[in-house]
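Position 1 is the first residue of the sequence; numbering continues from there.
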Amino acid sequence: MSWRVLTAQGHRVIFATPDGRPGMGDEIMLTGVGLDWWGGVPLLRRLPVIGLILRANGDARAAYRAMASDPAFLTPIRWDVVKVGDFNGLLLPGGHRARGMRAYLESRVLQALVAEFFAAGKPVAAICHGVLLAARSCDATDRSVLYGRKTTALTWRFEGSASKIAQRTRRWDPDYYRTYPDGPGQPEGYMSVQQEVTRALADPSDFIDVPVDAPDRSRKTSGLYRDSLRDERPAWVVRDGNYLSARWPGDAHTFARLFAEMLPA
């Protein structure tokens, strides 16, 4: 979605992957296949019901198909050859248990690169688990680049709710929505995106969720609504200087539009 919004506004998008080979979206989230309790049964898994509700919506699927045929998407550069001086900004996408997600979040190469973009004062945008990558990226003082900044990210409300659904519908893989399940002795949600990001901040109050008195709060927090270029009411996006953050795909249009405005014309 961010690709579509950015390119529509005249920005050139360059993709980067660990090895310079094209990435790919999570087929489960694109098709909905595998999100029903019978999703582990070969003859039945191709008949999604709950999966049709939980998968990416039609707008997002269409945007992915268009992006997947873009020459830039098909010819990405490697993470280790990205030079900060060659780019006007950096966008960190999200995801959860898709193939390669932990490698993305745990990459020292990427963490160093994120820190370089922050140090250079260039716009950085992160959504969903992308905020976790930013939180793990440290500056010269060995503190997170988000230390002293305001941010949002995938909330435990969203991550925990999705996890509870998966525990009922993907019984063979109940942690599908949890990239990092809680360990023995850890309280519920300790390894969630929200909690780990919050631990990297100067103050827990720097994690900004939707206030109780926010207009359209129910649309922003129910998980049933997603924004569009025509309706930003469901979105929740936080900007702190040259840094922009958002929670989940339901914020993606607004997130991308605001990031486009932060970039040089």
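Using a 30° and 60° split on the angle between ring planes, Tyr243 and Phe118 fall in the tilted class, from 30° to 60°. Note on ring orientation: taking the six-membered ring where Trp is involved, the planes of Tyr64 and Phe73 are perpendicular (angle over 60°, cut-offs 30° and 60°).
Counted by atom type alone, His253 and Asp59 present one or more donor-acceptor pairs between their side chains at under 3.5 Å. For the residue pair Asp209/Thr155, the side-chain donor-acceptor check at 3.5 Å is not satisfied. If you check the side chains of Thr152 and Ser245, you find no donor sitting under 3.5 Å from an acceptor.
Leu110 CG to Leu133 CG: the interatomic distance, rounded to the nearest 0.5 Å, is 5.5 Å. For the atom pair NZ of Lys83 and CG of Leu113, the computed distance is 10.5 Å after rounding to the nearest 0.5 Å. The OH atom of Tyr225 sits 14.5 Å away from atom CG of Asn57, with the distance rounded to the nearest 0.5 Å. Rounded to the nearest 0.5 Å, atoms CG (Leu30) and CE (Met24) are 8.5 Å apart. The distance from the NE2 atom of His11 to the CG atom of Leu263 is 5.0 Å, given to the nearest 0.5 Å. To the nearest 0.5 Å, atoms OG (Ser192) and CZ (Arg157) are separated by 14.5 Å.
For the residue pair Cys128 and Val193, the shortest heavy atom distance occurs at O-CG1, 4.1 Å. When every heavy atom of Arg45 is checked against every heavy atom of Pro42, the shortest pair comes out as CG-O, 3.6 Å. Residue His129 comes nearest to Leu105 through the heavy atom pair O-CD2, 3.3 Å, listed as atom of the first residue, atom of the second, then distance. Closest of all the heavy-atom pairs between Arg233 and Asp231 is NE-OD1, 2.9 Å. Shown here for Ala115 and Ser137, the closest heavy-atom pair between the two residues is N-CB, 4.3 Å. Of all the heavy atoms in Lys164 and Arg168, the pair that sits closest is O-NH1, 3.1 Å.
Contact check for Val197 versus Thr151: side-chain heavy atoms found under the 4.5 Å cut-off. Side-chain contact between Trp236 and Ile208: present, with at least one pair of heavy atoms (C-beta onward) separated by less than 4.5 Å. In this structure the side chain of Thr169 never reaches within 4.5 angstrom of the side chain of Trp38, judged on heavy atoms. Contact of the Asp175 side chain with the Tyr177 side chain is not registered, since no non-hydrogen atoms from C-beta on lie closer than 4.5 Å. When side chains are defined from C-beta on, Leu244 counts as touching Leu258, because their heavy atoms get closer than 4.5 Å.
Under the 3.5 Å distance criterion, the side-chain polar atoms of Asp240 are left unmatched by any main-chain donor or acceptor of Arg149. Side-chain N or O atoms of Ser107 include none that pairs as donor or acceptor with a backbone N or O of Ala103 at under 3.5 Å. Checked by atom type and distance alone, the side chain of Asp36 pairs as donor or acceptor with a backbone atom of Ile50 at under 3.5 Å. One N or O on the side chain of Arg61 and one on the backbone of Ala56 form a donor-acceptor pair closer than 3.5 Å. A distance-only check finds no donor-acceptor pair linking the side chain of Ser163 to the backbone of Gly160 [under 3.5 Å]. A donor-acceptor distance shorter than 3.5 angstrom exists from the side chain of Asp227 to the backbone of Thr254, with no hydrogens or angles considered. Using a distance-only test at 3.5 Å, with no hydrogens or angles considered, no donor-acceptor pair links the side chain of Arg257 to the main chain of Val5. Between the Arg247 side chain and the Leu154 main chain, no donor and acceptor come within less than 3.5 Å of each other. Between the side chain of Asp182 and the backbone N or O of Tyr190 there is at least one donor-acceptor pair closer than 3.5 Å. For Trp3 (side chain) and Ala68 (main-chain N/O), no donor-acceptor pair under 3.5 Å exists by modelled atom type.
More than 12 heavy atoms of other shown residues, nucleotides or ligands fall within 6.0 angstrom of atom CZ in Arg199. The 12-atom threshold is exceeded at CZ of Phe87, counting heavy atoms of other residues, nucleotides or ligands nearer than 6.0 Å. Remark: Asp203 CG is packed, more than 12 non-hydrogen atoms of other residues, nucleotides or ligands lying under 6.0 Å away.
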Checklist entry - Would Leu91 and Phe259 satisfy side-chain contact (heavy atoms from CB on, under 4.5 Å), going step by step from the backbone distance to the final call? => result CA-CA 9 Å; Leu91 190 151; Phe259 184 52; 3.8 Å; yes
Checklist entry - Step by step, would you call Arg178 with Glu159 a side-chain contact (heavy atoms from CB on, under 4.5 Å)? => result CA-CA 7 Å; Arg178 297 293 307 276; Glu159 188 176 355; 3.1 Å; yes
Item to check | Check against side-chain contact (heavy atoms from CB on, under 4.5 Å), Tyr147 and Val145 | outcome: CA-CA 6 Å; Tyr147 190 89; Val145 295; over 6 Å; no
Next on the checklist: Does Met191 form a side-chain contact (heavy atoms from CB on, under 4.5 Å) with Glu196? I'd like the steps, not just the answer.
Outcome noted: CA-CA 6 Å; Met191 291 303 297; Glu196 183 173 345; 4.2 Å; yes
Item to check | salt bridge (charged side-chain N to carboxylate O under 4.0 Å, His left out) assessment of Arg170 paired with Asp173 | outcome: CA-CA 5 Å; Arg170 282 182 63 86; Asp173 182 23; 2.9 Å; yes
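Hydrophobic clustering (side-chain heavy atoms under 4.5 Å, transitive across Ile, Leu, Val, Met, Phe, Trp, Tyr) groups Leu132 together with Val109. Residue Phe158 is not grouped with residue Trp156 when hydrophobic side chains (ILVMFWY) are merged at heavy-atom distances under 4.5 angstrom, including chains of intermediate members. Cluster membership check: Val84 shares its hydrophobic cluster with Trp79, using side-chain heavy-atom separations under 4.5 Å among Ile, Leu, Val, Met, Phe, Trp and Tyr. Linking ILVMFWY side-chain heavy atoms closer than 4.5 Å, directly or via other members, places Met1 and Met29 in two distinct hydrophobic clusters. Residues Trp37 and Leu35 are members of separate hydrophobic clusters, defined by side-chain heavy-atom contacts under 4.5 angstrom among Ile, Leu, Val, Met, Phe, Trp and Tyr.
For the pair Glu232 and Arg226, the salt-bridge criterion is not met [side-chain N within less than 4.0 Å of a carboxylate O].
For the pair Arg239 and Phe255, the cation does not sit on the ring face, since its NZ or CZ is not both under 6.0 Å from the ring centre and inside 45° of the axis. For Arg136 and Tyr180, the positive end sits near the middle of the six-membered ring, less than 6.0 Å away and at most 45° from its axis.
Lys122 meets the side-chain hydrogen bond (donor to acceptor under 3.5 Å, both in side chains) test with no other residue; sequence neighbours excluded.
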Side-chain donor-acceptor pairs of residues 12-22 under 3.5 Å, sequence neighbours excluded:
| from | atom 1 | to | atom 2 | distance (Å) |
| --- | --- | --- | --- | --- |
| Thr17 | OG1 | Gly20 | N | 3.0 |
| Thr17 | OG1 | Arg21 | N | 3.2 |
| Thr17 | OG1 | Arg21 | O | 2.8 |
| Asp19 | OD1 | Arg21 | N | 3.0 |
| Asp19 | OD2 | Arg21 | NE | 2.8 |
| Asp19 | OD2 | Arg21 | NH2 | 2.9 |

